[in-house]
Amino acid sequence: MIWLWAVLQALTLIGVASYWRNLPIERKEETPDGVVVILSLRDDWDGAPDLMARLQAQHARFRLILATSGHCPAARDLASREGAWVQLVSAGVAQDEGQKVHKLRAALGALGPDDRYLVFLDADIAPPARLIGRLLFPLARGKADIATGYRMLLPGRGWMPTLVSAVEMQLATLPRSATATMPWGGAMAMTRGVADRLDLDTVLAGRLSDDMAIGLAGWRAKMRMRPVRDLLVASPIDGRAADLLAFGVRQYRHVRTNSLRMWGVATGVVAAQSAAWLWALGWGGWAAIAIGYGAAWGRALVRRKILVSVLEPAQIRQAQRSLYWDIALPFAVAWSHLAVQLAAACSDNIRWGGWLYRVKQGRVTSMSRIAG
């Protein structure tokens with residue numbers, strides 16, 4: 001059994017090392033004309049001056065669509081202040097699909113004839129100046145149909161933000177297929193032609209999760225969905241333990257309600273690691289514990305190298321807080337990850353953005369506002 005445990009731990013280390021080895025050294029960008037960036041905004045969006053400064057510092061030129069329900073004062077002020085390069089789209093309130101999806105569909109309807117490249121960003125990220133140019137590079141060179149980054153959580157202080165970030169870092173540093181990765185809606189790009197081939201408006205209609213809907217449709221259409229590995233995009237996270245736990249459960253509930261098979265494979269892998277840690281601590285002896293901790297420390301070392309390679313110095317200091325869990329209690333990360341996956345299987349209800357959605361096979365079957 002100890003040999004099986006050693007092999008399992010070696011594989012986890014090799015996986016993280018593979019991500020690090022495949023980070024591009026030359027981070028080439030493309031800056032074509034006809035780029036539109038779409039931001040879906042909640043009504044309580046505060047204008048995000050840091051995000052706007054980062055967008056204005058992008059190497060690629062673009063126009064910006066702010067997609068709102070029509071009741072976001074900060075978006076309205078920004079559009080009136082910035083002029084022609086910012087377009088405000090009012091989608092109204094969704095009745096049979098996710099609010100974010102509803103706003104994205106409204107933005108798609110507002111595209112102009114010169115919009116050739118579509119970039120979808122979340123409003124809570126801190127993107128590097130290369131972000132848009134890097135997403136466009138594989139599209140403009142004909143190497144991908146959809147290009148995507150992934151989030152790198154920047155936890156606040158405290159045990160729960162760092163634990164959630166440690167779990168998320170396991171996903172962020174997984175080895176990825178060069179042509180068949182699932183996109184992340186927080187930093188994703190495609191050409192207008194690909195959007196038309198997918199019939200993107202129809203793909204999104206009635207859905208709650210934009211990235212799951214687009215990713216699954218892309219797989220079915222055999223599109224090349226390429227990860228831009230150096231785009232692990234900083235995304236701050238903090239708050240109450242209950243809210244952070246709900247965030248983790250919601251991510252996996254999106255997966256399970258869209259693809260039971262994908263959820264099952266992910267849960268099976270984490271369950272195997274969790275059970276193996278239980279054996280190592282209970283029956284494996286000191287040798288098994290040493291192997292487990294040695295691999296965990298190795299993963300933490302490689303992950304720090306990844307952070308140094310893709311993030312800004314201040315972001316590195318925040319992101320590496322989550323590495324302390326791998327160093328001190330690596331089994332707790334695996335068990336917490338499994339707990340979140342299992343909790344996601346307990347209901348089809350998803351609470352998100354002040355709404356309670358019931359989802360079946362990726363489609364919203366009912367929705368209601370959450371009181372308070």
Side-chain angles (χ1 to χ4, degrees), residues 12 15 97-101 122 124 148 150-153 155 159-174 176 181-186 188 204 206-217 219 235 237-278 322 325-326 329-368 370:
T12 65
E97 60 191 0
Q99 300 301 327
K100 179 182 179 183
V101 160
D122 277 352
D124 59 353
T148 182
Y150 195 73
R151 71 169 71 87
M152 177 58 69
L153 295 181
W159 69 272
M160 191 61 171
T162 54
L163 179 57
V164 170
S165 299
V167 170
E168 183 69 15
M169 192 177 289
Q170 291 184 334
L171 302 173
T173 55
L174 280 174
R176 281 167 167 73
T181 195
M182 279 296 288
W184 172 54
M188 173 177 61
L204 292 173
R207 302 285 178 170
L208 181 58
S209 171
D210 55 313
D211 38 20
M212 287 297 300
I214 292 170
L216 292 173
W219 274 0
S235 182
I237 186 169
D238 206 353
R240 300 182 307 156
D243 294 334
L244 296 174
L245 177 61
F247 164 80
V249 172
R250 183 174 70 240
Q251 305 312 307
Y252 269 108
R253 199 161 285 171
H254 280 312
V255 176
R256 192 189 66 79
T257 54
N258 278 273
S259 174
L260 187 60
R261 178 182 298 180
M262 189 182 301
W263 173 86
V265 169
T267 302
V269 170
V270 177
Q273 175 79 330
S274 299
W277 261 115
L278 185 63
S322 61
W325 282 97
D326 257 340
L329 297 169
F331 52 88
V333 180
W335 293 347
S336 298
H337 196 164
L338 180 61
V340 166
Q341 291 172 317
L342 295 178
C346 294
S347 173
D348 292 331
N349 294 336
I350 298 178
R351 293 173 178 264
W352 190 13
W355 289 82
L356 175 63
Y357 301 92
R358 186 168 182 79
V359 183
K360 289 286 189 182
Q361 297 181 334
R363 293 191 175 277
V364 174
T365 60
S366 66
M367 55 187 290
S368 59
I370 299 172

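- Atoms CE and CZ, from Met160 and Arg240 in turn, are 11.5 Å apart once rounded to the nearest 0.5 Å.
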Trace of the side-chain contact (heavy atoms from CB on, under 4.5 Å) decision for Val164 with Leu245: CA-CA 8 Å; Val164 170; Leu245 177 61; over 6 Å; no

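- In this structure, CG in Asp326 is found 11.5 Å from CZ in Phe331, a value given to the nearest 0.5 Å.
- The CE atom of Met152 sits 12.5 Å away from atom CD1 of Ile237, with the distance rounded to the nearest 0.5 Å.
- Summarising the geometry of Trp325 relative to Ala166, their closest heavy-atom pair is CB-CB, 4.0 Å, with the distance given to 0.1 Å.
- Across every non-hydrogen atom of Thr148 and Trp184, the tightest pair is OG1-N, 2.8 Å.
- Under a 4.0 Å N-O distance rule, the pair Asp122/Lys100 qualifies as a salt bridge.
- Residue Leu174 holds its CG atom at 8.5 Å from OH of Tyr150, rounded to the nearest 0.5 Å.
- Put simply, the side chain of Met212 reaches to within 4.5 Å of the side chain of Val255, judged on heavy atoms.
- The heavy-atom pair separating Val364 from Gly98 by the smallest distance is CG2-N, 4.0 Å.
- Annotation for Ser165 and Leu153: closest pair OG-CB, 3.5 Å, computed over non-hydrogen atoms.
- Heavy atoms only, all atoms of each residue included: Tyr357 and Glu97 are closest at CE2-O, 3.8 Å.
- Sorted by first then second residue, the salt bridge (Lys or Arg N to Asp or Glu O under 4.0 Å) pairs that include residues 342-366, not counting sequence neighbours, are Arg256-Asp348, Asp348-Lys360.
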Take Tyr252 and His337 through the test side-chain contact (heavy atoms from CB on, under 4.5 Å) and record every step on the way to the result. CA-CA 10 Å; Tyr252 269 108; His337 196 164; 2.7 Å; yes

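- The two residues Ala172 and Arg151 have their closest heavy-atom pair at CB-O, 3.7 Å.
- Residue pairs that meet the side chain to side chain donor-acceptor pair (under 3.5 Å) test with at least one member in residues 257-266, sequence neighbours left out, are Trp263-Thr267.
- Using bins of under 30°, 30° to 60° and over 60° for the plane-to-plane angle, the ring pair Trp352/His254 lands in the perpendicular bin.
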Working for side-chain contact (heavy atoms from CB on, under 4.5 Å), residues Ile350 and Leu208: CA-CA 9 Å; Ile350 298 178; Leu208 181 58; 3.7 Å; yes

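- With hydrogens and angles disregarded, a donor-acceptor distance shorter than 3.5 Å links the side chain of Arg253 to the backbone of Ser347.
- The closest donor-acceptor contact from the side chain of Gln251 to the backbone of Phe247 lies under 3.5 Å.
- Atom CD1 of Ile214 and atom CE of Met188 lie 3.5 Å apart (nearest 0.5 Å).
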